[in-house]
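A quick write-up on the structure given underneath.
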Amino acid sequence: LCSMSPIQATMFPGDGIGPEIAESVKKVLNTAQVPIQWEEHFVGDKVDPRTQSFLTWESLESVRTNRVGLKGPMATPIGKGHRSLNLTLRKELGLYANVRPCYSLSGFKTRYDDVNLVTIRENTEGEYSGLEHQVVRGVVESLKIITRTASLRVAEYAFHYARTEGREKVSAIHKANIMRKTDGLFLTCCREVAEKYPDIKYEEVIIDNCCMMLVKNPALFDVLVMPNLYGDIISDLCAGLVGGLGLTPSCNIGEGGIALAEAVHGSAPDIAGKNLANPTALLLSAVMMLRHLKLHDKAEQIHNAITKTIAEGKYRTADLGGTSTTTDFTKAICDNL
Ligand code: NAD
């Protein structure tokens, strides 16, 4: 085994298919002898008054201490008096940017062969500020909040990401022709940051045109940065370009360099507990986490074993047109390591 002392990382197996795909991640990382020791935390069965949600205070402390973690999907329990799990994580850990790489997996044929882009979504404000109310009967109002602080922070992250990942261009996605003040401020902040990165090309693309361009020719894009709502929609569109939710990873970046990686998909209650889930999205999220930890060799090795397994085509889960179970697919990846 590796002589390095293990790195502590937090693991939230989550709900639904979460524990099944988390098991797959543990197995693959173990087989690859990745020096990580997981601290597992499950969603609690009662509201913790310190977090006002079903997430325990200890689990948040674990991420704060380890500064790195992997999260399975979480289904927020229905009922009053508690905060949504994902919202609690975002707020309590200051997870301000959601990074979703989106690339064609060699060996899995989709409409496009050459997708290789990254969406970076502002994660804390915009239309998702939770400020909605009824003005009078039949009239409701929702506030879209854009701040200079949050816009500069996510723009800075996008350019920093582009530079460190050897990417050439950042596109700011907006609707400032209509949302003059809010998206206008977002763009002003992106421009300010762009000036500090003369080595990175910068462009601005209106969101509707961006959708059309993405569907016609995704190779036109490199790194895309955008406010919260646009990011939510565009990143799912991008997931569709490369084969769907079973394949797309993401990583949330928080204050003080916290990184919490997670699959884009939800808890898939329709297939939970049936050994049918595709663990690829969570595995690729774990690969993002390993890159964040600068364990590049291990990350490459696991990434290659996943793409090789999918390309061989012998073991694929149902969402990719195959008949393999989660455990058989996982075993095939381990054999390819
Ligand atoms: P979902 O992503 O769970 O499922 C959508 C469809 O995709 C389903 O048919 C499902 O079977 C399939 N699917 C998803 N992941 C898959 C995988 N790994 N392998 C194979 N098939 C997969 O979306 P939903 O049904 O809208 O949401 C279910 C629950 O998940 C809800 O409670 C929702 O709030 C929650 N959710 C959580 C997160 C998160 O924790 N980040 C994200 C989205 C949804």
Side-chain angles (χ1 to χ4, degrees), residues 10-25 27-28 41-44 53-55 59-60 63 69-79 82-93 95 97-100 105 108 119 121 123-124 128 130 228-229 231-233 235-240 242-254 259-289 306 309-310 315-330 332-333:
T10 308
M11 158 85 87
F12 292 98
D15 303 309
I17 59 170
E20 299 166 63
I21 55 180
E23 194 53 44
S24 166
V25 168
K27 200 160 267 167
V28 171
H41 285 275
F42 287 87
V43 177
S53 93
F54 288 85
L55 281 168
S59 67
L60 297 181
V63 187
L70 183 68
K71 171 187 167 290
M74 292 176 181
T76 292
I78 297 170
H82 64 89
R83 284 197 291 179
S84 131
L85 300 171
N86 290 310
L87 194 71
T88 306
L89 282 169
R90 231 177 286 154
K91 293 261 180 210
E92 294 292 327
L93 302 174
L95 303 173
N98 182 247
V99 182
R100 292 192 189 178
L105 279 185
F108 185 66
T119 59
R121 162 185 174 189
N123 223 4
T124 65
Y128 291 16
N228 208 339
L229 171 68
D232 195 2
I233 298 167
S235 56
D236 267 34
L237 189 161
C238 292
V242 297
L245 286 175
L247 298 178
T248 38
S250 84
C251 190
N252 297 289
I253 302 300
L260 185 63
E262 67 170 324
V264 169
H265 62 72
S267 57
D270 51 338
I271 56 166
K274 296 182 179 159
N275 202 12
L276 292 175
N278 185 353
T280 303
L282 195 65
L283 278 164
L284 291 176
S285 306
V287 166
M288 286 184 83
M289 192 191 92
I306 297 168
T309 308
I310 294 174
Y315 296 97
R316 280 184 187 172
T317 46
D319 58 309
L320 300 185
T323 55
S324 292
T325 59
T326 311
T327 38
D328 286 345
F329 177 71
T330 305
I333 294 171

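We count ligands from 1, going down the list as the structure has it; atoms in each ligand are counted the same way. These figures come from a predicted structure and were not determined experimentally.
The side-chain hydrogen bond (donor to acceptor under 3.5 Å, both in side chains) search around Thr327 returns Asn275, Thr325, not counting sequence neighbours. Partners of His41 by ring-ring contact (aromatic ring centres under 6.0 Å, His included), not counting sequence neighbours: none found. Residues satisfying the ring-ring contact (aromatic ring centres under 6.0 Å, His included) test with Phe54, not counting sequence neighbours, are His82.
Residues Asp15 and Ser267 come closest through the heavy atom pair O-CB, 3.6 Å.
Separation of atoms CZ (Arg90) and CG (Asn123) is listed at 5.0 Å; rounding is to 0.5 Å.
Closer than 4.0 angstrom to ligand 1 by heavy atom are Ile17, Lys71, Pro73, Met74, Ala75, Asn86, Leu245, Glu262, Val264, His265, Gly266, Ser267, Ala268, Pro269, Asp270, Ile271, Ala277, Asn278, Asp319, sorted by chain and number.
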For this session: Starting from the C-alpha separation in whole Å, work towards a yes-or-no answer on side-chain hydrogen bond (donor to acceptor under 3.5 Å, both in side chains) for Asn86 and Ser84.
Result: CA-CA 6 Å; Asn86 290 310; Ser84 131; 5.3 Å; no
